[in-house]
Structures are given as structure tokens and as C-alpha cells.
Protein chains: 2
Amino acid sequence: MSSTVDAVAERANVSVSTVSRALRDMPGVSQETRKRVQNIARELGYVPSLAGSRLATGRTGAIAIVTPNLSKWFFGQVLASAGRVLRQAGFDVLLYELADTAARERFFAGSSLAGRADGVLIFALQPTPEELATLEAQNLPIAFLGSGTPGRSGVRVDDHGAGRAAARHLINLGHERIAFIGIREAADSTLGGVPPANRLKGYREALAEAGLEPGQDLEVHEENSTAGGSRAMSRLLCAEVAPTAVFVASDEMAFGVLRTLKAGGIDVPGDMSVIGFDNHELSEILDLTTMDHSVALQGSETARRLLALITPDAGAEPDLVLSAQLIVRGTTAPPFPLRGRRTATPA
Amino acid sequence: MSSTVDAVAERANVSVSTVSRALRDMPGVSQETRKRVQNIARELGYVPSLAGSRLATGRTGAIAIVTPNLSKWFFGQVLASAGRVLRQAGFDVLLYELADTAARERFFAGSSLAGRADGVLIFALQPTPEELATLEAQNLPIAFLGSGTPGRSGVRVDDHGAGRAAARHLINLGHERIAFIGIREAADSTLGGVPPANRLKGYREALAEAGLEPGQDLEVHEENSTAGGSRAMSRLLCAEVAPTAVFVASDEMAFGVLRTLKAGGIDVPGDMSVIGFDNHELSEILDLTTMDHSVALQGSETARRLLALITPDAGAEPDLVLSAQLIVRGTTAPPFPLRGRRTATPA
DNA sequence: CTGAAAGCGCTTACAG
DNA sequence: CTGAAAGCGCTTACAG
């Protein structure tokens, strides 16, 4: 419907080359001509056809975001924050949710992104070597969020350190039987799976350093949901010797843990300390002690790194590794015996 | 990088016209030629240039989704469900988050969608007549979610009926002082504002029908967040005569309400009944009685309606008005005096 | 500073 | 069933 360069050119008595240059603030156009062309373009309501310029330049002006299950809180947050940075920079955002393995395969099967995007943001899914190869074949700049692909641009969290820190907090409180509830990926999950593993490692390391025996029955893995958390906690309650504290690899699971404990009449933090991971927007409501890992920042910084890869002037930014930070709330406390001792022996 | 129609044509000893037709399963190509062309295309790793076909056909193969603040739970859910339907139908999803009024103005200022999308889904924002006009000017099919634009294709919730139902539930339990906590839009909100108003109307209507006086001090409005809910509840606790029940226009606010009540030592549902609105994924954890309004369905059905507008064969589907449904959980009960009477007088 | 022309990669009447 | 050609709307060397 809207007019074309030709229409503008004719009306302004110049060539289309001049129109093109004038409208894009390119050098080689006199001030006067430029002004005139711009005014006429405005009058005519001219808006350049994206398809035309894409075909001519090969640039699309769009960035693709590839994400696992969007209905999870985390991905909504990083999508929102990354999207804002990209739009700010003038890019359109193309959204690819790979909710299950079928969608993932379909996506990586073809050159899904060819001619559609100038770059791609990959959230939390660890591409296989083959997948990475097909991505490379379309040679687009890529930035990764959360998947530890060495040598690639991106942002990730020091999950190992975070796991240690969470466990340390419980150890410092005096706990000796500390359980771990980790994320078990669903069979058709599209995630990479690296971060949870590292949280577990950090936890084990802290326990070892403190001279605590990590009982196998104190590590359970479940689906990352409130229901999964509930189930995991139920299993822990059947351990030979029940733990006095539990480190849960996601806040959502921790919510399920809290529900189960409440249902079972087990006081938190009186009988059981609980620490989550995420600083989910609702963890404050539940007064959950948790590890914050700057979720919004992860999204925006990944986007910024991709932009640095695309825009020639911006220097390449190094990978960013974020440290998680303990947020102390009301679900962690010294174990019962210690609390007793302390109140009985004022310093 | 990938080869072009010309390359395929040359290799197959046919014209580009034939290649184009063969690859898109158009009539007028012999089975044999078609097969041969398709094989060669595959061998060459040919993938059609989107920019080329867009320019030639005017079709983009993309749908734009325009949404308010994406980090809100509701919008993440409807985006996810709508996106799945669109991708299933072969469309790319272009995401426009209009998080504040500035973004909204920028979006509606130009013909942002011209040449970028074949249709647009508008979530929960009520376009002004001028905005609607600029949208129309780009003449794209539009489907609305949640904004009551009469005569337009879309999906919305019967908020009026839902408000009545929620209030009825409390009335039926025997409550006589029933408060309402509504959503007050932030100054730079991009939302339309229609649904909350209707929830309030339904509430008032139910009270009137039951012969209950709706005290002005029983209606408070706050920002749609847990903090807003907390503030609103605090204000209600200062009313001349405190309510015994409260209908909260969103679950997130209701979470804040529950926190405030807990902090104040007010038992739920013993001293105060609370009913929310959304059936938020975490409302079950908090055992919150609420109104479910089929959030995922809203997204997918809006997408389906847009597709019906775009694909010629599919008949136009009528607008969909969804009824909300009460989910009874643990935060609603008869008011204290009634409970007392009932236990004292066994039937 | 300005313009004529080729080219980006497709699709689609039109003719055969 | 197949092909030659025009056209979609831009950008960009190249020449002046």
C-alpha cells in the first residue's frame, strides 16, 4: 500500500539512488536535497519495504531467540530482558520456542534461520556437535545463555560456586545431614542439563570440605516443578536418617518442598531448613531463603554480547560468568539441637 | 550461502519457473520432473530465500504478537500457547513487547508491521481509535485477546460473570462484609483496563442482588503485584468495619494479601476468606481459592482465530467468550459466627 | 553531489 | 507440461 522509492524519487525529481542515500543518512547527498527528499518521503507516508532491503543487503534486521519451554518463569524473564535490549537496538525479535524434542529436531533439521535473522540467542539448550554444525552452516553470530559452550560468546552462572555457597550456608548454620534435590530432565526436555550437574558438584564439594559424608540417599532428582519438589521431599522423608536441611536446585521445586513439609506437620525452619535457587518472584512471598542469580541480567547481557558480535564498531565483549548470591529469608536456621544449645548458653 | 533457484534449475536442466513450481507442490509439473527437481534441491541443500519470496509475493510467513509487560505470568502463558499454534501452522513469531507507554507510542507511530507480518495478535491492550486506524492502514488481519473491541475477531473472558460468580461464592458461604481489591493500572501501563472494570461490576451486582450494601471503603485498587496486594489488604484492615472476605482481581495480588494477613496474625480462612483470580500456577501451592479463566486456551484460541482470518479456506470463527470457573481451595470458608453456629447446632 | 543500471532471489501471468 | 520474461522494492558499485 505504502509508496516506494520510485514514487518518492519522481516527486522529488531525483534518482532512486539519491532517495535511498538521503533516507538512510548516507554521505554524498547535499543538505538541501536530503531535506527535500526526507520531507517528501514523510508527506507520502513512505516506509521502506523490508523485503526489498533484505533482498538487496542480505541483512534482516531481526534476531532470533531460541528458548526451551516458555511457560517456565525463568525463560519468560530472560526473554523479556533480552528482548528489550534487542528492540532498543532496533532489531525485531523472532521467537522460537523449542518446547519438546520434536520441536528441537524440526528446528535444527533445516536451515530454519537462513534469511530470517542476523544473529541468534540460544537459551539454556546445549547444542549437540551436529546441531552446532548446522547452526554454523548458516553462519550467524550466536550468543549462549546458560549453556557452557567454551569459546563461545555468552553469559552463564557459576553454578558450581553457587552450589558450594548454598551448602556452605547450611553447614555454617550447623547442619550435618544436608540433602540435595536436583533437576531431572524430562525425557523430551530440550534443555542442556549442564547447570544442574554443576550445582550438585558444588554441593558435594562443600560437604566434603566440611568432612560430612554425602549419603547417596540424600541426593534425589526430580522434574523441575512444584510437583517434582513435593515428590522429592516425600522421598527424603523416608531416608534412613532424615536430613535437617535441604538444598533445592530451583525455587519452584522448593515451593513443592515447603508444601510437603507443611502437609507433614514438619516445621520450617524449626525441623527442616530449606534453601532454593532462582530468587523467583514469588519466593519472597513464601519467605524462602534462596540463591539469586540475576536472571534479568542474564538475558540483557546475553543480548548485548550478541549485538557486540554483530555491530562492527563495538568491541567483542568477553564471556560473562555471574556469581549467585545468597538471599537469606525465613526458611533456614540452625538445626534444632544447636538452637537449643545456643539459647541455653548465652555468650 | 545456500544455492538459489537458478542453481537448481541449471543442474536439473529445467527453467526456474519449473523449479519454483516443483518445490512448492504447485500443479503443472510432471511427476517425474517434480521428483528430479526435488532431489536435486535436496542434494544442493537448497533452501528458498525468504527475502526473495517475500518480495515476490508480499507474504511474509510471520505473525506479530503484541503484548504488554512480558514478565507478568499471564502474558508468558498466553504467548507460549499462542506461539505454539502459530508455529504449528508454519508461521514465524515476531514478538513486540510494549512494556511502557513510550514503547507503545513508538510502535503505533510508524507502520511498524508493514512488510513484516501477515497478521497480528494483540494481547490485552485496548487500542485507541487512532491506534486502531494506523493498524488498519497497514491492512493486516488482527485478532484480539482480552480487549473488548466489538465486531473484531478474538477471545475474551466474561469478566462480568466471573466477578459475580466469585462474589456469589462468598455470599453463599454467608459473608456479608465482602471487600474487593481491584487492579489499578500504573501511570505508564500499556493495558486496556476493560477487564478489571467488569470484574468490579460483577461483584457489585452480586452484592446488590443479595441485598448487601457495598461500602465504598470496601473497594480498593492497587498495582497488580504482590506488593500491591499487600498494600490493598493493609488498607482494608483499617476500614470502619473490617470485611470478613475479600475478592482479589488477580492471584498475584492475592498472594500479597495472604502475606499481609499472615503477618497480621489473621487466620485464613478462619478470620478472613480470600478468593483470587487467574488460577496462577502457584496458587495451588498457596492453597488459594480462585477463578480459573483458561489462560492457555485464551492464547491458543486467539491464534486460531487469526489463522482463520488469514487462510482463505478456513471459515471465520466467531468471537469466543470464555467463562471463568471457581476453583475451591483452602482460603474460603463461612465467616466465623456462622461456623460457630453450625458446629453448635448439628443438623 | 547525482544518476543509470545491475543485481539481490524469488513468483507468476503469458505464451507455447 | 514447460520456459522466457517481467516484476516485486530496495542497494550499491560505477561513471560522470
Side-chain angles (χ1 to χ4, degrees), chain A residues 1-38 40-41 44-62 92 110-111 113-118 138-139, chain B residues 1-38 40-41 44-62 92 110-111 113-118 138-139:
Chain A
M1 250 343 36
S2 106
S3 48
T4 68
V5 266
D6 298 82
V8 178
E10 191 180 336
R11 193 91 140 55
N13 271 317
V14 295
S15 70
V16 293
S17 330
T18 300
V19 172
S20 178
R21 286 188 283 250
L23 261 28
R24 285 176 307 136
D25 277 324
M26 304 213 71
V29 184
S30 74
Q31 266 312 312
E32 193 211 318
T33 311
R34 190 187 300 279
K35 269 284 170 234
R36 189 155 44 88
V37 170
Q38 289 176 341
I40 289 179
L44 262 43
Y46 169 73
V47 21
S49 150
L50 210 60
S53 66
R54 279 184 181 179
L55 188 53
T57 64
R59 256 169 281 116
T60 66
D92 276 341
S111 335
L113 261 30
R116 287 163 206 257
D118 297 338
Q138 315 177 230
N139 67 341
Chain B
M1 246 354 25
S2 106
S3 48
T4 68
V5 266
D6 297 83
V8 178
E10 190 179 338
R11 193 91 138 56
N13 271 317
V14 294
S15 71
V16 292
S17 329
T18 300
V19 171
S20 177
R21 285 190 281 251
L23 261 30
R24 286 175 307 136
D25 277 326
M26 303 213 72
V29 184
S30 73
Q31 267 311 312
E32 192 210 318
T33 312
R34 190 187 301 279
K35 269 283 168 234
R36 188 156 44 90
V37 169
Q38 289 175 342
I40 290 180
L44 261 43
Y46 169 74
V47 21
S49 150
L50 211 59
S53 66
R54 279 183 181 180
L55 189 53
T57 64
R59 255 169 283 117
T60 65
D92 276 341
S111 335
L113 261 29
R116 287 164 205 255
D118 297 338
Q138 314 177 231
N139 65 343

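Chain A is the first sequence line, chain B the second, and so forth, proteins listed ahead of strands; every chain is numbered from 1.
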With 3.5 Å as the limit, what N/O pairs link the protein to nucleotides 2-5 of chain C?
| unit_1 | atom_1 | unit_2 | atom_2 | d |
| --- | --- | --- | --- | --- |
| C/dT2 | OP1 | A/T33 | OG1 | 2.7 |
| C/dT2 | OP2 | A/S30 | N | 3.0 |
| C/dT2 | OP2 | A/S30 | OG | 3.4 |
| C/dT2 | OP2 | A/T33 | OG1 | 3.1 |
| C/dG3 | OP2 | A/S15 | N | 2.9 |
| C/dG3 | OP2 | A/T18 | OG1 | 3.0 |
| C/dG3 | N7 | A/R21 | NH2 | 2.9 |
| C/dG3 | O6 | A/R21 | NH1 | 3.2 |
| C/dG3 | O6 | A/R21 | NH2 | 3.3 |
| C/dA4 | N6 | A/S17 | OG | 2.6 |

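- For the side-chain contact (heavy atoms from CB on, under 4.5 Å) test, no residue two or more places apart in sequence or in another chain qualifies with A/N13.
- Remark: DNA chain D forms stems of 3 or more consecutive Watson-Crick or G-U wobble pairs, all pair distances under 3.5 Å, at C:1-3 with D:14-16, C:5-12 with D:5-12, C:14-16 with D:1-3.
- Within residues 51-62 of chain B, the residues having any heavy atom closer than 4.0 Å to DNA chain D are, in order of number, B/L55, B/A56.
- Under the salt bridge (Lys or Arg N to Asp or Glu O under 4.0 Å) criterion, B/R11 pairs with B/E43, sequence neighbours left out.
- Within the 4.0 Å cut-off from OP1 or OP2 of C/dT12, at least one side-chain nitrogen or oxygen of B/R24 is found.
- Partners of B/R34 by salt bridge (Lys or Arg N to Asp or Glu O under 4.0 Å), not counting sequence neighbours, listed by chain and number: B/D25.
- For residues 46-61 of chain A, every residue pair satisfying the side chain to side chain donor-acceptor pair (under 3.5 Å) rule, not counting sequence neighbours, is listed here: A/T60-A/D118.
- Legend: residues meeting side-chain contact (heavy atoms from CB on, under 4.5 Å) with A/V19, ordered by chain and number and at least two apart, are A/V5, A/V8, A/A9, A/V14, A/L23, A/V37.
- For B/T4, the side-chain hydrogen bond (donor to acceptor under 3.5 Å, both in side chains) test picks out no residue, with sequence neighbours left out.
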side-chain hydrogen bond (donor to acceptor under 3.5 Å, both in side chains) between A/S30 and A/T33: does it pass, once the steps are laid out? CA-CA 5 Å; A/S30 74; A/T33 311; 2.6 Å; yes
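- Regarding A/E32, its CD atom lies at a distance of 12 Å from the P atom of C/dC1, rounded to whole Å.
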